[in-house]
Amino acid sequence: MARSPSADRRRLLGLALAGASTLWIPRAAWSVPRLSHDPFGLGVASGSPDADSVVLWTRLLAEPGVSDGLPLVITLGWEVAEDEAFSRIVRRGQTEARAELAHSVHVEVGGLRPDRWYFYRFTLGQAVSPMGRTRTLPAPGAAVARWRLAYASCQRWDQGYFAAYRHMAEEDVDTVLFLGDYIYEYPGTSNPVRPGPGAWAVSLEDYRARYALYKSDPDLQAMHARCPWFLTWDDHEVQNDYAGALAGESGPPGMVDFAARRAGAYQAYYEHQPLRAAVLTRGLAGLGGGSSAAEMRIHGRADFGRLASLYMLDDRQYRDPHVCVGDGGRGSRSIDPAACAALWDPARSMLGASQEAWLGRALSQPSPGWNLIGQQTLFGRLDRRAGPGELLWNDGWDGYPAARARLTDTLRANRVANPVVFGGDVHQNWVGQVKADYRDPASRPVGVEFCGTSVSSRGPSVSQVAERLAENPHFVFADGSHRGYGVADFSPARLSVRLRVLDDATRKDAAVQTLASFTVETGRPLVLRD
Ligand code: FE
Ligand code: CA
């Protein structure tokens, strides 16, 4: 008898919760198949750390070409140690990898000490996973001298190699902020750099295969094994330009049930990232079938002692549809704000009412140090028409200006110290001041913005970017001709950011260099180029 979608969903949630907690499974009940291949081909990862816990992730793969190659339930061992030799093990246990969650595991290891590095690995019979390194965050209220994070986004498999991660792994970063487009749902690209994927991702199985393709990349695996990641998603983890429950325009021919497509994409996202099971259970209130039952609450806060707080936002899942797209239109457009009366409708939201309220509460108790907003796209206004008149891209915050003004008003009303917005999506580096009112050139800055370029996805034309920088003086730097990532060093007195770029992202052995570097001092929302 077929179960209802919501009953399936409840069962998944129960399994996810059980998998996250520390289990003691009597040896007699272990399910440890004898495997003739290495099941850890997707590597390991850690993420969502706080001061005393972190999520450890892996996913077991069946032998290539063997269908039903893994039992429904497999018992894995895991260990966390203070040293790489695993001579000082501080936590160990078992967990179960289940077919219902693609044999992924998400172990939430607690009882760790704050602000220190650990090493971890999984075991399955004689098979041992690659070793991962992870760390906890500083204790609440602790003085912290420095923190280094790397920010990255947009890694299209068939448009380049992930050489950016090979270089990032040598930067000694404490955490990665991944800001969206971890996968792309497209079947292919013109002049692909490497083969695959070959078909649209539509079903749960398609998205699982897409993550397995991307995560087969050794440089990406190595960076996941290097330090814990915080992640949010953008549109391509589901479909180009989707908005909340509304599909975008691109996709395979024929009918696609978008609610089902999104639910499968979200489930595969959970299965392949080091997320806490709470991102699923917090969606319980939405149970009842349809797309609302597939909610995943991936936005959240992390505190780095007294040095900084991070607010990771989800501006895809709850946003209102794109504005001024014409009759029956969907998705992104360049729009003329003078001809788009609905643009400033205060009812339009980028984050949704509930996330906006959560962010308002969080920002009423901000960090005394730096306050980092991690989100998926360009935050500042970007007029794309040189000279008189304006042209705005309605997929970014420029399509939701009332919501953007509410966010900057919240920063000001709460006197939030030292706001720093990180973003991605546009495949270009943009650096500048966040303005209280982008329509008023004299409006004072309320924070700073670093929107990063893509890891491998192709960028725009070079001449376009220079022209747009001149038209938008609240930005101090822009570049669209390089792929790469950013490295941000926080201390109580200053923030230093280096834009690290590849000479050629279509080469596996690409070299890296610093394109530009910037300093922001506490108490002054101004970006100074070094
Ligand atoms: Fe992208
Ligand atoms: Ca203009």
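Whatever order the structure lists ligands and atoms in, that order sets their numbers, starting from 1. Small disclaimer: the values here were computed from a predicted structure and weren't measured.
- Remark: the backbone N or O of S454 is not paired with any side-chain donor or acceptor of R156 at under 3.5 angstrom.
- Take the N/O/S atoms of D383: the one nearest the Ca ion (ligand 2) is OD2.
- The Ca ion (ligand 2) does not have A386 among its coordinating residues (no N/O/S atom, backbone or side chain, under 3.0 Å).
- When rounded to 10 degrees, the angle formed at the Fe ion (ligand 1) by OD2 (D181) and NE2 (H427) equals 170°.
- At a cut-off of 2.8 Å, S454 is not counted among the residues with an N, O or S atom near the Fe ion (ligand 1).
- Looking at R319, its side chain does come within 3.5 Å of a backbone N or O of D315 through a donor-acceptor pair.
- If you look at E471 and ask which of its N, O or S atoms sits nearest the Ca ion (ligand 2), the answer is OE2.
- Under the 6.0 Å cut-off for aromatic ring centres, Y211 and W57 do not qualify, their centroids lying 6.0 Å or more apart.
- Rounding to the nearest 10°, we obtain 110° for the angle at the Ca ion (ligand 2) between R385 O and G389 O.
- Considering every non-hydrogen atom in both M296 and Y266, the closest pair reads SD-O, 3.2 Å.
- At a threshold of 2.8 Å, the Fe ion (ligand 1) has a backbone or side-chain N, O or S atom of C154 nearer than that distance.
- Smallest separation of non-hydrogen atoms from Q273 and H224: OE1-CE1, 4.2 Å.
- At a cut-off of 3.5 Å, with distance as the only test, a side-chain donor of S309 or D303 sits close to an acceptor on the other residue.
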